[in-house]
Amino acid sequence: IERHPLVMAPSVRHHLLATRHRTDSTEAQIFVGTGEGLKNSRAEYAPMLADGRRAAAIHDPCVRADWPSDSEADIWHFTGHAFFRTDNPFYSYLQLADGPMFAADFRLRRNRVNLVVLAACRTGLHSLLPGDESTGLIRSLLEMGARNVLASHWAVADRSTAFWIRQFYQSVMAGQGPAGSVQEAARATRDRFPSTYDWAGFSLFGAG
């Protein structure tokens, strides 16, 4: 983290696919899922709302119909609860007000998004299906048209996650790239929350 920005991907194919996904849109879409026990989640995206260069639409609480099927956006932000299915990772999902939004649902859509932020637990987990590539929410979003996806490795804590995401957005809004912004957020969070559990919970997947 001190020397190198890190970018991950389900496969080399998905990394190369993500490098072709780019849009000039300045639109931001904020999706607030069910948030029982998440007292700080709505503070995560405050730096984005303060940036006058982006028109932000907030869906709070969001339902399945709020998610576009064919559009372009600079940023999608999801905050809430997520669940990983080891038996069938294409049915890992984000919990919305009217039910789950499955990883498989994203694969059926065609949206160009420069950055998707999944501020929820275990959104970066994936499994290998027999004869297939690494599968989960990340793969589905990259195949949908996302250039970069920020996702978590484990069950992250509400308070430290809100701080981490705010630091990340402050760096992005200042003009830093997503990979460099991950570095900045991790360093700042480590100063406030020294445990690796708090500052190392998120990684960037895609093109970087």
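Side-chain atoms of N148 never come within 3.5 Å of backbone atoms of L115 as a donor-acceptor pair (strictly under, hydrogens ignored). Side-chain atoms of H153 do not come within 3.5 Å of backbone N or O of A200 as any donor-acceptor pair. For D98 (side chain) and R64 (main-chain N/O), a donor-acceptor pair under 3.5 Å exists by modelled atom type.
Within a 6.0 Å sphere centred on CZ of F84, heavy atoms belonging to other residues, nucleotides or ligands number more than 12. Surrounding CG of D191 are more than 12 heavy atoms belonging to other residues, nucleotides or ligands, all under 6.0 Å away.
Here M144 contributes atom CE and D105 contributes atom CG; the two are 11.5 Å apart, rounded to the nearest 0.5 Å. Rounding to the nearest 0.5 Å gives a distance of 10.5 Å between CH2 of W199 and CZ of R187. To the nearest 0.5 angstrom, T79 atom OG1 is 10.0 Å from L118 atom CG. Of the inter-residue distances, the one linking Y45 atom OH with I30 atom CD1 reads 5.5 Å to the nearest 0.5 angstrom. To the nearest 0.5 Å, the span separating OG1 on T23 from CZ on R112 amounts to 8.5 Å. Here the straight-line distance linking atom CD1 of I75 with atom OH of Y169 works out to 5.5 Å at 0.5 Å rounding.
Residues L16 and R13 have side chains not in contact (no heavy-atom distance under 4.5 Å, counting atoms from C-beta outward). Considering only heavy atoms from C-beta on, H14 comes within 4.5 Å of E143 through its side chain.
F83 and F78 sit in two unconnected hydrophobic clusters of ILVMFWY residues. Membership requires side-chain heavy atoms under 4.5 Å apart, directly or through other members. No path of Ile, Leu, Val, Met, Phe, Trp and Tyr side chains, each step under 4.5 Å between heavy atoms, connects V7 with L141, placing them in separate hydrophobic clusters.
For the salt bridge (charged side-chain N to carboxylate O under 4.0 Å, His left out) test, no residue two or more places apart in sequence or in another chain qualifies with R110. F31 pairs by the ring-ring contact (aromatic ring centres under 6.0 Å, His included) definition with H59, W67, W76, not counting sequence neighbours.
In this structure, a donor-acceptor pair under 3.5 Å is absent between the side chains of E184 and S171. Side chain to side chain, T26 and D74 fail the donor-acceptor criterion of an N or O pair below 3.5 Å. Side chains of T135 and S127: no donor on one and acceptor on the other come within 3.5 Å.
Aromatic ring orientation, W164 versus F168: parallel (interplanar angle below 30°, classes split at 30° and 60°).
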